[in-house]
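Below, each value reflects all heavy atoms present in this structure, side chains not excepted, and no hydrogens, waters or symmetry copies.
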Amino acid sequence: MVEKIDISVVIPIYNEEENLPILYKKLKSVLERLYNSGKRYEIIFVNDGSRDRSWEIISEIGWKDKDIVGVNFRRNFGQTAAMSAGFEVARGDVIITMDGDLQNDPEDIPRLLEKIEEGYDIVSGWRKDRKDAFISRTLPSRIANWLISKVTGVYLHDYGCSLKAYKSDIAKNLDFYGEMHRFLPALSKPLGAKIIEIPVKHHPRIYGKSKYGISRTFKVILDLILVKFLLDYRTKPLRVFGGAGFLLSLLGFFVMLYLSCQKICFNKPIGDRPLLTFGMLLFITGIQLISTGIIAELITRTYYESQGKRPYIIKEILNAKDR
Ligand code: UDP
Ligand code: MG
């Protein structure tokens, strides 16, 4: 039986050798204060295939300090994968994520925890006074935040801020791949998560380099389309494909009906009419979309049933006894 603890701090690490010792010291001082008020904690460093001394440093810290958990990837899998691995091994009731580059401030952690104690499931940091270049980072991020909020219906000022706290049952129920870690609050909407945003401190990066450039913006937009689909139609793909398919084939049907009428009732030649091709195209495309929808439905069922997943999440059961 895995021992339960209160707080797991998950930190993805990719080439952060200069930052690690300082980060560890700062985190430790905050977490020790929480420990003195009765909270047990662990710090999970996920080394995402660093090519510098990061893993050596994590190991050294871990040998001395048993509150440290180190996960070492075989190669660089990306920040999202590192967070996902951290969630998997975390034992805490609350999982806190943050960057390993000292841009987030561990001093904000107690304030995040306060909000969790008030009953929120996710507390998201908002870098109100962001210390990054305006044109290449802050501006694209503002536009992206506006777009993500509009599309997903989960309104946040700062999706990109890594400093967040999650109730662990929510975090452990999230499936995310690719570059999707920033969408976690949106992806948790179907789970019925209560989300709040609080302003947090932000510092410029002093050691090491940022791992991302402007190309990230485009990847984020592509992921957003997928997230929208996952949010609204994951359990009912036939509605998207089927709806469009039904409309197209209906349109095609009426076009063909009109042409047939022309031929049969008025004996007009229809072989050279562009409308004939158009009608056929509409009809065939429509039928294909409907079939795609049906196949997507089957895949959805395989997804849920093969993994024993349920399309709902129970918060609690009254008088559960042996259920
Ligand atoms: N990171 C990672 N794998 C990667 C890229 C980044 O684990 O492939 C980590 C990185 O070490 C840092 C966090 O993710 O702890 C955020 O990265 P970064 O500071 O470069 O992002 P930015 O703050 O510039 O958005
Ligand atoms: Mg950073």
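Proximity of a side-chain donor or acceptor of Ser149 to a complementary backbone N or O of Leu156 within less than 3.5 Å is detected. For Lys209 (side chain) and Arg205 (main-chain N/O), no donor-acceptor pair under 3.5 Å exists by modelled atom type. Checking side-chain atoms of Ser260 against main-chain N and O of Met256 turns up a donor-acceptor pair under 3.5 Å. In this structure a side-chain-to-backbone donor-acceptor pair under 3.5 Å is missing from Asp99 to Asn104. A distance-only check finds no donor-acceptor pair linking the side chain of Asn15 to the backbone of Ser50 [under 3.5 Å].
Phe87 and Ile68 fall into different hydrophobic clusters, defined by Ile, Leu, Val, Met, Phe, Trp and Tyr side-chain heavy atoms under 4.5 Å apart, directly or through other members. There is a path of hydrophobic side-chain contacts, each under 4.5 Å, that joins Val123 to Leu163.
Screening Val69, Asn72, Leu20, Val71 for a side chain to side chain contact (heavy atoms under 4.5 Å, CB included) with Ile58, the sole residue that qualifies is Leu20. For the side chain to side chain contact (heavy atoms under 4.5 Å, CB included) test with Met98, the passing option among Leu27, Leu112, Val200 is Leu27; the others fail.
The line from CG of Leu231 to OG1 of Thr152 is 6.5 Å long, rounded to the nearest 0.5 Å. Atom CG of Leu282 sits about 11.5 Å away from atom CD1 of Ile287, to the nearest 0.5 Å.
Using modelled atom types and a 3.5 Å distance limit, the side chains of Asn19 and Asp101 yield no donor-acceptor pair. Looking only at atom types and distance, the side chain of Tyr35 has no donor-acceptor partner in the side chain of Asp67 under 3.5 Å away. Residues Asn47 and Ser54 have side chains that never bring a donor and an acceptor to within less than 3.5 angstrom of each other. Defined by atom type and a distance below 3.5 Å, a donor-acceptor pair is missing between the side-chain atoms of Tyr207 and Glu16.
By the salt bridge (Lys or Arg N to Asp or Glu O under 4.0 Å) test, Lys128 is found to be paired with no residue, residues two or more places apart in sequence or in another chain being considered. Residues passing the salt bridge (Lys or Arg N to Asp or Glu O under 4.0 Å) test with Asp108 are Arg111, Lys201, sequence neighbours excluded.
Contacts classified as salt bridge (charged side-chain N to carboxylate O under 4.0 Å, His left out) and involving residues 179-200 (residues at least two apart or in different chains) are not found.
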Checking side-chain contact (heavy atoms from CB on, under 4.5 Å) for the pair Lys131/His203: CA distance, chi angles, key distance, verdict? CA-CA 6 Å; Lys131 300 284 192 299; His203 305 292; 5.6 Å; no

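Salt bridge status for Glu60 with Lys64: absent, with no side-chain N to carboxylate O gap under 4.0 Å. One finds no salt bridge joining Asp169 and Lys167 here, because no Lys/Arg side-chain nitrogen approaches an Asp/Glu carboxylate oxygen to under 4.0 Å.
Contact detail for Ala90 and Ile44: the closest heavy-atom pair is CA-CD1, 3.6 Å. The nearest pair of heavy atoms linking Gln79 to Ser162 is NE2-OG, 3.5 Å. Heavy atoms only, all atoms of each residue included: Ser188 and Ile122 are closest at OG-CD1, 3.1 Å. Taking each heavy atom of Glu17 and Pro21 in turn, the nearest pair found is O-CD, 3.2 Å.
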